[in-house]
Amino acid sequence: VSVPNGSAHANYGGGVHSYDVVLEFSKNSIVNNRVQGSSLVSSRGGGIVVSETASRQARIDANLFKGNSVSGGYNSTGGGICVFDAEPEITNNIIVQNVASRGGGIGVLVEVAQLRRPLIMSNTITANRALSMGAGIWSSPNGYAKVVNTILWQDSGAPEIEASSIRVLYSNIQGGWPSDSGNIDV
């Protein structure tokens with residue numbers, strides 16, 4: 001399935017908005033979608049936003065997220081993918097040339113005091129841009145995302161990853177990542 005050139009004016013999900021459902025989202029092209037939000041409300045998910053989904057009931061696998069953007073609104077989050085109060089598995093995707101204020105490639109936003117642990121595994125995240133934080137991946141303090149075997153390279157405007165609560169294991173990150181868990185910078 002191809003989801004091209006979508007536009008959301010309700011601040012969520014330029015291509016796809018998944019809210020409180022069991023989601024199996026695979027082998028799609030999510031290209032050139034955008035969210036242009038109101039200045040008073042947070043804007044989320046240029047390509048897709050996954051909201052308030054229970055533990056591991058959302059799987060985003062083997063998709064292309066390219067050229068999506070989220071702007072306007074207060075702290076636009078997740079140019080390619082936005083995880084909002086959810087715990088999806090995000091695996092085997094190519095996430096490229098997306099733009100947001102926070103999380104050019106992927107933004108993880110957990111606003112409520114609950115334990116959410118999104119799994120970001122075996123993705124290629126490259127050439128994304130953040131206007132303020134986390135060009136490749138940004139996570140809020142309650143996000144607790146786990147990144148495994150993922151490439152983050154040539155993202156711009158901010159560091160590749162910005163998050164205080166993220167675990168990064170066995171990944172290739174341009175500029176490195178402070179860890180002794182098998183990460184490389186090559």
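Reckoned from all heavy atoms, side chains included, excluding hydrogens, waters and symmetry mates. Position 1 is the first residue of the sequence, and the numbers go up from there.
Two residues are said to be in side-chain contact when any heavy atoms from C-beta on lie closer than 4.5 Å; Val108 and Trp138 fail this criterion. Under the 4.5 Å side-chain criterion, counting only non-hydrogen atoms from C-beta, Leu64 is not in contact with Ile30. In this structure, Asn172 and Val186 have side chains that are in contact, with non-hydrogen atoms separated by less than 4.5 Å. Proximity of Val83 to Pro88: side-chain heavy atoms (C-beta onward) are separated by under 4.5 Å at one or more points. No side-chain heavy atom of Thr91 sits less than 4.5 Å from a side-chain heavy atom of Ile60.
Contacts classified as side-chain hydrogen bond (donor to acceptor under 3.5 Å, both in side chains) and involving residues 156-170 (residues at least two apart or in different chains) are not found.
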Let's go through Ile161 and Ile166 carefully: what are the C-alpha distance in whole Å and the side-chain angles of both, what is the deciding distance for side-chain contact (heavy atoms from CB on, under 4.5 Å) to 0.1 Å, and is it a yes or a no? CA-CA 9 Å; Ile161 300 174; Ile166 200 165; 4.1 Å; yes
Check against side-chain contact (heavy atoms from CB on, under 4.5 Å), Leu119 and Ile90: CA-CA 6 Å; Leu119 175 62; Ile90 301 170; over 6 Å; no
Please walk me through it: do Ile106 and Ile125 pass side-chain contact (heavy atoms from CB on, under 4.5 Å)? CA-CA 9 Å; Ile106 299 175; Ile125 302 171; 3.9 Å; yes
What's the verdict on side-chain contact (heavy atoms from CB on, under 4.5 Å) for Ile95 and Asn128, showing C-alpha distance, side-chain angles and the deciding distance? CA-CA 8 Å; Ile95 303 164; Asn128 298 287; 4.2 Å; yes
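Nearest heavy atoms, Phe65 versus Gly80: CD2-O, 3.6 Å. When all heavy atoms of Ala130 and Gly103 are compared, the pair lying nearest together is CB-N, 4.4 Å. Taking both residues in full, the closest heavy atoms of Ala127 and Val96 are given as CB-CG2, 4.1 Å, listed atom of the first, atom of the second, then distance. Closest approach of Ala158 and Gly134 over heavy atoms only: CB-N, 3.6 Å. The minimum heavy-atom distance between Val50 and Ala86, with the atom names listed, is O-CB, 3.6 Å. Closest approach of Ser43 to Val35, counting heavy atoms only: CB-CG1, 4.0 Å.
Distance check, rounded to the nearest 0.5 Å: OG of Ser139 to CG of Leu109 gives 8.5 Å. Between Lys66 atom NZ and Thr126 atom OG1 the span is 11.5 Å, to the nearest 0.5 Å. The structure places OG of Ser69 at 12.0 Å from CD of Gln97, a figure rounded to the nearest 0.5 Å.
Shown are Val49, Ile120, Asn123, Ile48; of these, the side-chain contact (heavy atoms from CB on, under 4.5 Å) with Ile81 is made only by Ile48.
For Ser171, the side-chain contact (heavy atoms from CB on, under 4.5 Å) test picks out Val147, Thr150, Val168, Ile173, Asn183, with sequence neighbours left out. Remark: Ser101 pairs with Ser76 by the side chain to side chain donor-acceptor pair (under 3.5 Å) rule, at least two apart or across chains. Legend: residues meeting side chain to side chain donor-acceptor pair (under 3.5 Å) with Ser71, ordered by chain and number and at least two apart, are Gln36. Residues that satisfy the side chain to side chain donor-acceptor pair (under 3.5 Å) test with Thr77, not counting sequence neighbours, are Arg102. For Asn63, the side chain to side chain donor-acceptor pair (under 3.5 Å) test picks out Asn28, Asn93, with sequence neighbours left out.
More than 12 heavy atoms of other residues, nucleotides or ligands sit less than 6.0 Å from atom CE of Met133. Surrounding CD1 of Ile94 are at most 12 heavy atoms belonging to other residues, nucleotides or ligands under 6.0 Å away.
The main-chain N or O of Arg117 is found under 3.5 Å from a side-chain atom of Glu87 such that the two form a donor-acceptor pair. Side chain of Asp185 to backbone of Gly175: a donor-acceptor contact under 3.5 angstrom is found.
Applying the under-4.5 Å side-chain rule to Ile, Leu, Val, Met, Phe, Trp and Tyr, the cluster around Ile151 extends to Trp153.
Residues Arg59 and Glu89 are paired through a salt bridge, judged by an N-O separation under 4.0 Å between the basic side chain and the carboxylate.
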